[in-house]
There are 2 protein chains.
Amino acid sequence: MPRTSSTRAPGGAVTLQQVATAAGVSLATASRVLHGSGGRRVAEALAERVTTAAAELRYVAHAPAQSLARSRSTVVGVLVHDIADPYFAAIAAGAMDVAREHDLMVLVANTFRDPGLERDYLARLRAQRARAVLLAGSAFVGEPFAEEVAAFTESGGRVAAIGAHGAGIDTVEPDQYGGGRLVAEHLVGLGHREIGVVTGPAGLATVAQRLAGFTSVVTGPALVHADFTREGGRAATHELLRDHPGLTAIFALNDLMAAGALAALRELGRPVPEQISVAGFDDLPVATDLTPALTTVRLELADIGARAMRLLLDDEPGGRLVPAPAELVVRDSTGRASTLH
Amino acid sequence: MPRTSSTRAPGGAVTLQQVATAAGVSLATASRVLHGSGGRRVAEALAERVTTAAAELRYVAHAPAQSLARSRSTVVGVLVHDIADPYFAAIAAGAMDVAREHDLMVLVANTFRDPGLERDYLARLRAQRARAVLLAGSAFVGEPFAEEVAAFTESGGRVAAIGAHGAGIDTVEPDQYGGGRLVAEHLVGLGHREIGVVTGPAGLATVAQRLAGFTSVVTGPALVHADFTREGGRAATHELLRDHPGLTAIFALNDLMAAGALAALRELGRPVPEQISVAGFDDLPVATDLTPALTTVRLELADIGARAMRLLLDDEPGGRLVPAPAELVVRDSTGRASTLH
DNA sequence: TCGCAGGCGGAAAGCGCTTTCCACCCCCGC
DNA sequence: GCGGGGGTGGAAAGCGCTTTCCGCCTGCGA
């Protein structure tokens with residue numbers, strides 16, 4: 001018979017009371033020793049008896065009970081559109097790193113850009129009394145969602161966002177506009193005049209900003225919508241070239257779609273960059289492995305995630321706006337506009 | 001002044017008691033209406049008053065309090081080595097999908113293969129009284145970790161793993177061995193005899209199994225260790241070819257390293273597959289976008305994650321082993337062994 | 001008309017922890 | 001030698017919810 005059977009509660013977990021009893025002290029003393037916030041000290045000898053007993057019993061505090069008693073939990077939420085998208089995975093990783101430094105656990109919610117799910121998850125994060133929530137995407141819009149956010153902050157939680165600036169919400173704002181502009185200037189500098197843009201889901205602030213930056217330089221580019229996925233980018237590129245065969249460059253609003261664009265151009269037998277140039281956005285790891293290596297805009301995604309999490313966890317007043325730079329990374333997928341068209 | 005200021009508790013959140021009062025019923029009745037497990041019914045009229053009041057006050061139950069009272073929580077944990085690695089991201093996404101169907105929230109812990117962190121996170125998941133935890137990687141080994149797992153199950157949580165079969169633990173076992181074997185047979189069938197293998201971190205069961213499958217066909221291949229990253233694969237490939245210039249094929253034990261291998265070969269001016277073939281493992285989305293498109297072994301990662309989560313959440317006795325198939329996907333990076341060496 | 005059963009609302013006892021407040025002990029100073 | 005004060009342990013009151021048990025009320029049968 002395992003030694004633990006006499007010390008473990010039948011239901012399973014060890015309670016503080018058991019530790020206290022084993023150490024021969026009161027519940028209060030045990031609590032002070034193990035979780036005391038320094039306000040009150042316990043004599044050396046007793047403290048050691050308690051810690052020893054706790055270790056022997058493999059005691060870990062019941063976090064929900066602690067949350068209840070302290071009325072503050074140790075979890076934070078991260079809302080992402082899709083954790084399998086490397087863009088969000090990188091942001092989440094950065095955020096989780098910082099959370100760990102603060103001894104917090106991270107609840108990740110995959111919303112698939114479904115507004116209903118977004119609200120639902122936010123409500124459930126509120127139910128968990130999550131200390132804070134990071135909105136790692138900019139599709140979170142609309143009145144009902146804003147109400148949910150308000151309810152969250154009103155019940156004492158902090159909210160920060162990446163890329164979408166709401167009133168009173170801390171925001172890390174990647175320079176989407178500037179990135180789009182950099183691409184435009186780069187392409188124009190190479191002599192391109194007929195440029196098509198593969199945009200993302202309508203309504204995404206990210207899309208609007210990247211596009212706005214681009215059109216601040218190149219007016220009236222050919223546009224086609226896709227869904228921020230590789231396949232979407234591929235299909236959109238076919239469509240784009242069918243309708244506008246004279247294009248000499250394509251700007252895909254993210255790297256996933258740029259990969260699709262390159263695939264489509266390969267299928268069409270259009271050499272890149274000799275006949276047509278392609279640029280992306282995000283500088284995902286895949287960008288270097290594409291052929292030709294992708295010219296794109298670098299966002300320090302992990303860093304962005306980390307900074308957003310820091311905004312959530314310090315105790316400064318909210319409403320701050322932290323800019324994150326976008327940097328053009330020129331690789332082999334862009335070249336001088338071909339003169340023969 | 002916002003209308004809510006009179007109804008909201010100053011501290012923030014709305015409590016059930018407030019809802020009950022607003023509806024003019026007792027706490028018990030409100031609880032039965034809103035969270036009743038069907039065991040007991042409340043008259044229609046009262047129920048409606050309660051739900052209305054709850055909606056108006058934007059009430060959401062205090063999850064920690066609920067966990068405490070019911071002594072079961074609504075969170076599950078997923079332990080991954082690195083969520084930014086597409087392999088784990090895909091598994092996590094599949095798992096999270098199933099969790100959502102069960103109305104559970106997912107706590108994701110990034111361990112970076114640090115044994116200390118793995119144990120620590122597992123203890124904290126136990127502290128949260130997570131209903132279950134999915135070990136989405138096979139590096140979780142060693143006595144201390146096994147003890148932590150035991151403590152977790154003893155305190156009433158379920159544990160499932162991907163790829164590492166432990167006693168009493170539900171496991172989804174991707175056919176790593178078979179996949180390695182498929183690659184070997186494929187390469188041998190193409191006439192390759194001098195094959196190098198870029199392996200992963202020592203001690204990973206995944207690595208051992210893929211390699212074992214491979215060496216069951218090809219004995220004594222040249223080996224070099226890397227760390228499952230693209231850069232590691234690149235460096236390892238350089239090393240491999242320095243020491244074994246006559247290799248006609250390279251098997252990288254995952255796609256990330258295969259991407260690095262292709263980069264290295266490009267740097268060396270060795271055409272793939274004309275002069276040397278390359279195969280990977282996992283069939284990450286990037287595989288199709290590499291040049292040449294990568295021959296690899298497909299694992300249905302999202303499905304694997306989903307199945308593992310289902311194992312965790314049904315109430316069957318543990319210790320099951322669910323195999324997941326591995327399938328060879330032949331693309332352009334492998335070809336007949338060059339006769340000139 | 002009275003009795004009883006069935007149905008349904010409410011009081012209250014926890015769930016495991018924190019934290020306030022009280023009581024005790026010891027030591028010091030006068 | 002006695003009173004008081006500082007320090008430290010313990011009792012107990014919650015935190016917000018679930019759930020058992022109790023008791024009331026209604027309606028039906030005799």
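Just so it is clear: chains get the letters A, B, ... in the order the sequence lines come, proteins before strands, and each one is counted from 1.
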- Query: Are A/D314 and A/R320 within salt-bridge range, i.e. N to O under 4.0 Å?
  - Reply: yes
- When rounded to whole Å, the CZ to C1' distance for the pair B/R129 and D/dC17 reads 17 Å
- Message: Could you tell me how far apart B/R70 (CZ) and D/dC17 (C1') are, to the nearest whole angstrom?
- Response: 9 Å
Polar-atom pairs under 3.5 Å, protein N or O versus N or O of nucleotides 6-10 of chain D: list them with distances, or write none.
from	atom 1	to	atom 2	distance (Å)
D/dG9	OP1	A/A43	N	3.3
D/dG9	N7	A/R40	NH2	2.4
D/dG9	O6	A/R40	NH2	2.7
D/dG10	OP2	A/S26	N	2.8
D/dG10	OP2	A/S26	OG	3.1
D/dG10	OP2	A/T29	OG1	2.8
D/dG10	N7	A/R32	NH2	2.8
D/dG10	O6	A/R32	NH1	3.2
D/dG10	O6	A/R32	NH2	3.1

- Message: Can you confirm whether A/E48 is buried at CD, in the sense that more than 12 heavy atoms of other residues, nucleotides or ligands lie under 6.0 Å from that atom?
- Response: no
- Query: Aromatic ring centroids of A/F88 and A/H81 under 6.0 Å?
  - Reply: yes
- Note on the structure: Regarding the side chain of B/A69, the nearest nucleotide among D/dC17, C/dT18, C/dG16 is D/dC17
- Message: Measure NE2/A/H35 against P/C/dT19 and give the value in whole Å, please.
- Response: 11 Å
- Message: I'd like to know if A/E148 and A/R126 make a salt bridge, using a cut-off of under 4.0 Å between side-chain N and carboxylate O.
- Response: yes
- Item | Any B/Q17 side-chain nitrogen or oxygen under 4.0 Å from OP1 or OP2 of D/dC17 | no
- Message: Has B/T171 got a side-chain atom pairing as donor or acceptor with B/E173's backbone, closer than 3.5 angstrom?
- Response: no
- Report yes if at least one side-chain N or O of A/S31 is closer than 4.0 Å to OP1 or OP2 of C/dT18; otherwise report no. yes
- Task: Quickly work out the A/R126 CZ to D/dG16 P distance and round it to whole Å.
- Result: 15 Å
- Query: Tell me: CG of B/L16 to P of C/dG10, nearest whole Å?
  - Reply: 13 Å
- Quick one: B/R72 CZ to C/dG16 C1', roughly how many Å, whole number? 18 Å
- Task: For A/Q66 and C/dG16, give me the distance from atom CD to atom P, rounded to whole Å.
- Result: 13 Å
- Query: Nearest-Å distance, CD (B/E48) to P (C/dC8)?
  - Reply: 17 Å
- Message: Distance alone, cut at 3.5 Å: any donor-acceptor contact between the side chains of B/T52 and B/E56?
- Response: no
- Message: I'd like to know if the side chain of A/Q66 pairs up with that of A/S73 as donor and acceptor (distance under 3.5 Å, no hydrogens or angles considered).
- Response: no
